[in-house]
Amino acid sequence: MDHILLNENFFSRNTNVVAKNLIGKRLVKIIRNENKKIRLVGMIVETEAYGYKSDEASHAYRGMTKRNRVMFGPVGRSYVYFTYGNHYCFNVTAKSKNQIAGAVLIRALQPEEGIQYMKDYRNINDLKLLTNGPGRITQAFCINKQHNDYDLTDISNDLYIEKGFNPNLVLATKRIGIKKSMHEYWRYILASKEENVIQLNKFVSNKKENIHYQICKLL
DNA sequence: TCGATGATTGAG
DNA sequence: TCAATCATCGAA
C-alpha cells in the first residue's frame with residue numbers, strides 16, 4: 001500500500017517545487033467511529049511555500065525556536081501551529097539538501113470523502129466553506145497541536161498524503177495574510193482552462209476578481 | 001516578566 | 001470593515 005503515499009524523495013526538493021507539486025495530491029486523516037475506520041479525504045487545491053533567510057514572512061526567518069523547530073528537521077513531517085488565538089494551521093516540511101528550513105502551508109482542499117463528518121466538525125452545511133482556508137481545514141479534519149511533527153510518509157499514522165492526479169494548470173500568486181516579502185509569487189492554486197478562459201478551482205480561498213497570477217504549470 | 005502581534009475567521 | 005482571542009516571540 002505504500003506506493004500510494006508520497007515519500008521522502010518527494011519532499012526533499014526546493015520548498016517551492018514541493019508546494020507546486022502538492023496541488024492535486026490528497027490529504028487523508030483516519031478517524032474512528034464505533035470501531036470503524038473512517039477516511040476524511042480532501043484534494044489539495046491551494047498551497048504556500050515558506051522558507052528560511054530572505055523570506056521575511058516565514059516563521060523560520062529569525063532562526064529556530066521552540067515553535068518552528070519542525071521546519072528545520074526531517075522533511076515530510078507536519079508542522080502545526082496555533083494562531084490568532086483561534087486557529088490551527090497545517091504545514092508539511094519540505095526542503096532540498098542545501099536549504100536550512102522550509103514548510104508548505106496547506107491553504108485549501110476540495111472535499112472528497114467523509115464530507116458529513118467534516119460538516120459536523122465545522123458545524124456548517126455549505127460545501128464551499130468547508131475547507132477553503134487553513135483554519136477551516138484543521139477544524140474539518142480535527143487537526144490540532146497534538147498532530148505536530150507527524151511523519152506524513154508513514155501509512156501506520158492516521159494522517160498522511162496520498163498521490164492524486166496531475167493537474168493541467170497551476171497558477172502562482174502572492175501569498176495571503178502576510179505583511180513582509182509580499183512581492184514573492186509563492187502561493188499555488190489549482191485552475192482549469194474552459195473555452196479558453198482560466199477558472200480557479202471553486203474551493204480555493206480568498207477568491208478575487210482581477211487576481212494577478214503567473215502560469216507556472218500548463219500541460 | 002511583559003507587550004505586541006499574527007501564514008485567520010465569521011459576523012455586521 | 002472589524003473584533004475575537006491567546007500562544008509565541010523578542011525585548012527589557
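Letters A, B, ... are given to chains in the order of the sequence lines, protein chains preceding strands, and every chain is numbered from 1. Because the structure is predicted, anything quoted here is derived from the model rather than measured.
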**Phosphate OP1/OP2 of C/dG10: any A/R67 side-chain N/O under 4.0 Å** = no
**Request:** Rounded to the nearest angstrom, tell me the gap between atom OH in A/Y88 and atom C1' in C/dT5.
**Result:** 12 Å
**Message:** Closest-nucleotide mapping onto DNA chain B: is A/L129 or A/I178 further toward the 5' terminus? I mean the 5' end.
**Reply:** A/I178
**Asked** Could you state the CZ-P distance from A/R122 to B/dT8, rounded to the nearest angstrom?
**Response** 14 Å
**Request:** Would you please confirm or rule out a distance under 4.0 Å between OP1 or OP2 of B/dG6 and any side-chain N or O of A/K179?
**Result:** yes
**Asked** Is the closest side-chain donor-acceptor distance between A/R107 and A/S205 under 3.5 Å?
**Response** yes
**Message:** By nearest heavy atom, map A/K180 and A/N206 onto DNA chain B; which one lands nearer the 5' end?
**Reply:** A/K180
**Item:** Polar contact flag, side-chain donor to acceptor under 3.5 angstrom, A/Y160-A/D151
**Value:** no
**Prompt:** Rounded to the Å, how far apart are A/I176 CD1 and B/dG6 C1'?
**Reply:** 15 Å
**Request:** Would you check if the distance from the ring center of A/H147 to the ring center of A/F90 is below 6.0 Å?
**Result:** no
**Asked** So with a 6.0 Å cut-off around NZ of A/K180, is the heavy-atom count from everything else above 12?
**Response** no
**Item:** Distance, rounded to the nearest Å, where A/Y79 contributes OH and B/dG6 contributes C1'
**Value:** 11 Å
**Asked** Of the candidate nucleotides C/dA4, B/dA7, C/dG10, which contains the atom at the shortest distance from the side chain of A/R62?
**Response** C/dG10
**Request:** Pick base, sugar-phosphate or nothing for A/F82, based on heavy-atom distances below 4.0 Å to the nucleic acid.
**Result:** sugar-phosphate
**Asked** Going by modelled atom types, is there a donor-acceptor pair between the base of C/dA7 and the side chain of A/Y81 at under 3.5 Å?
**Response** no
**Item:** Side chain of A/H87 - closest among B/dT9, B/dA7, C/dG10
**Value:** B/dT9
**Request:** Grab the NZ-C1' distance between A/K66 and C/dC9 for me, whole Å please.
**Result:** 12 Å
**Asked** What integer distance in Å separates A/E56:CD from B/dA7:P?
**Response** 13 Å
**Message:** Under 4.0 Å, counting only non-hydrogen atoms across every strand here, what does A/R187 touch: a base, just sugar-phosphate, or nothing?
**Reply:** nothing
**Asked** Taking CE from A/M182 and P from B/dG6, how many angstroms apart are they, rounded to a whole number?
**Response** 12 Å
**Item:** Closest listed nucleotide, where the reference is the side chain of A/R136 and the choices are B/dG6, B/dT9, C/dT8
**Value:** B/dT9
**Fill in**
As its Watson-Crick or G-U partner within any shown strand, both distances under 3.5 Å, C/dT8 has B/dA4
**Item:** Short side-chain N/O contact to C/dC9 OP1/OP2 from A/T65, under 4.0 Å
**Value:** yes
**Request:** Identify whether a stacking contact exists between A/Y84 and C/dA4, where the ring centres must be under 5.5 Å apart and the planes under 30° apart.
**Result:** no
**Fill in**
Rounded to whole Å, the CD-C1' distance (A/E48 to B/dG6) equals 14 Å
**Request:** Looking only at side-chain atoms of A/K145, point me to the closest of B/dA7, C/dC6, C/dT8.
**Result:** C/dT8
**Message:** For a quick check of understanding: with a heavy-atom distance under 4.0 Å over all strands, which category does A/M71 fall into, base, sugar-phosphate or nothing?
**Reply:** base
**Prompt:** What closest approach, in Å, do A/K163 and A/L5 show between heavy atoms, and which atom pair accounts for it?
**Reply:** CE-O, 3.8 Å
**Prompt:** With a 4.5 Å limit on heavy-atom distance, are the side chains of A/I189 and A/I23 in contact?
**Reply:** no
